[in-house]
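Below: one structure, written as structure tokens.
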Amino acid sequence: MREVRRFSLAEVDSGRGTSRLVREGRVLDFTVEGLLLEAQLELEDGSCLVWLTQDCPFEELLSVYLVGREGQLLDSVSAGAPYTPGILSIRAVGPDWVEFGFFGDAPYRLQVEPMARFRRWLPLGWGYHRWLARHRLTVNKLRP
């Protein structure tokens, strides 16, 4: 995985906390939760992980979107809790995983699986945007 700068935001609605992703000048066909682009990482297959926050450090929401090479939404997860601060810090990157912190010092690993399948459990505070669906993203809390 490598860091890229292919995405920007359009149609930002700060009241709802949503916006639209723009990839190389083209507005994509879906709305995302987030007002601030935090990171963009490209996988070997050309898909990208796009990390967004609400830009509210005292009650932050982190959303991670897996966007296909043609601009289609493949999967997404989010993390947040009322009155819980969060600051994203990416600590290590592998070919299909990212280790990062968001809630204080708690380390997490986001894994991009090659095939989508039904997944049920995510760490406390995490959720899929589409619950009853097949997912390629998994999140695990690591031991400090």
Side-chain angles (χ1 to χ4, degrees), residues 1-81 84-119 121-131 133-144:
M1 226 180 292
R2 65 186 180 100
E3 189 173 350
V4 294
R5 295 278 177 217
R6 292 212 169 100
F7 294 89
S8 60
L9 297 177
E11 302 176 28
V12 175
D13 184 342
S14 58
R16 292 183 181 203
T18 61
S19 48
R20 300 280 299 271
L21 285 177
V22 178
R23 182 176 180 161
E24 298 171 341
R26 183 174 68 96
V27 178
L28 301 184
D29 295 332
F30 54 91
T31 301
V32 295
E33 289 184 348
L35 304 174
L36 181 65
L37 276 170
E38 296 282 354
Q40 306 170 39
L41 300 168
E42 185 178 61
L43 287 84
E44 288 183 21
D45 67 0
S47 60
C48 290
L49 287 173
V50 181
W51 304 66
L52 296 109
T53 60
Q54 293 291 335
D55 196 23
C56 180
F58 300 107
E59 192 170 24
E60 192 61 271
L61 174 73
L62 173 68
S63 296
V64 183
Y65 293 87
L66 178 61
V67 180
R69 60 195 293 171
E70 304 300 322
Q72 72 278 28
L73 176 61
L74 300 176
D75 203 2
S76 59
V77 293
S78 63
T84 304
I87 297 174
L88 178 64
S89 65
I90 294 179
R91 299 174 179 167
V93 176
D96 57 0
W97 56 266
V98 179
E99 288 184 1
F100 64 98
F102 183 65
F103 298 119
D105 291 333
Y108 294 91
R109 176 180 274 205
L110 180 122
Q111 179 82 36
V112 182
E113 301 292 345
M115 299 294 296
R117 65 181 179 91
F118 287 106
R119 302 175 197 284
W121 308 115
L122 291 173
L124 184 64
W126 286 86
Y128 289 109
H129 289 126
R130 294 176 300 152
W131 178 246
R134 295 176 189 263
H135 298 284
R136 288 188 53 198
L137 298 178
T138 61
V139 177
N140 292 299
K141 187 173 182 180
L142 304 175
R143 293 187 177 162

Any chance you could measure Trp51, atom CH2, to Leu37, atom CG, to the nearest 0.5 Å?
13.0 Å
Inter-residue atom distance Leu66.CG - Leu137.CG, 0.5 Å rounding:
5.0 Å
Can you tell me how far apart CG (Asp96) and CG (Leu110) are? Round to the nearest 0.5 Å.
10.0 Å
dist Glu60:CD -> Thr53:OG1 (nearest 0.5 Å) comes out at 4.0 Å
Where at least one partner belongs to residues 107-116, residue pairs that pass salt bridge (Lys or Arg N to Asp or Glu O under 4.0 Å), sequence neighbours excluded
Glu99-Arg109
Checking Tyr108 now: which residues fulfil ring-ring contact (aromatic ring centres under 6.0 Å, His included) with it, not counting sequence neighbours?
Phe100, Trp126
Please list, chain by chain and in numerical order, all residues satisfying side chain to side chain donor-acceptor pair (under 3.5 Å) with Gln54, sequence neighbours excluded.
none
Please identify each residue that fulfils salt bridge (charged side-chain N to carboxylate O under 4.0 Å, His left out) with Arg134, with sequence neighbours left out.
none
Looking at Arg69, I'd like to know if its CZ atom is crowded, meaning that more than 12 non-hydrogen atoms belonging to other residues, nucleotides or ligands lie closer than 6.0 Å.
no
Exceeds 12 heavy-atom contacts within 6.0 angstrom, atom CG of Leu142:
yes
Interatomic spacing from OG1 in Thr18 to CG in Asp13 - rounded to 0.5 Å:
4.5 Å
Holding to ring-ring contact (aromatic ring centres under 6.0 Å, His included), I want the full list of residues that pass it with Tyr65, two or more places apart in sequence or in another chain.
His129
Nearest 0.5 angstrom please: Glu33 CD to Ser76 OG, how far?
8.0 Å
How would you list all residue pairs meeting ring pair (Phe, Tyr, Trp, His ring centres under 6.0 Å) that involve residues 6-35, not counting sequence neighbours?
none
Quick check on Glu44: does its CD atom have over 12 non-hydrogen neighbours (other residues, nucleotides or ligands) under 6.0 Å away?
no
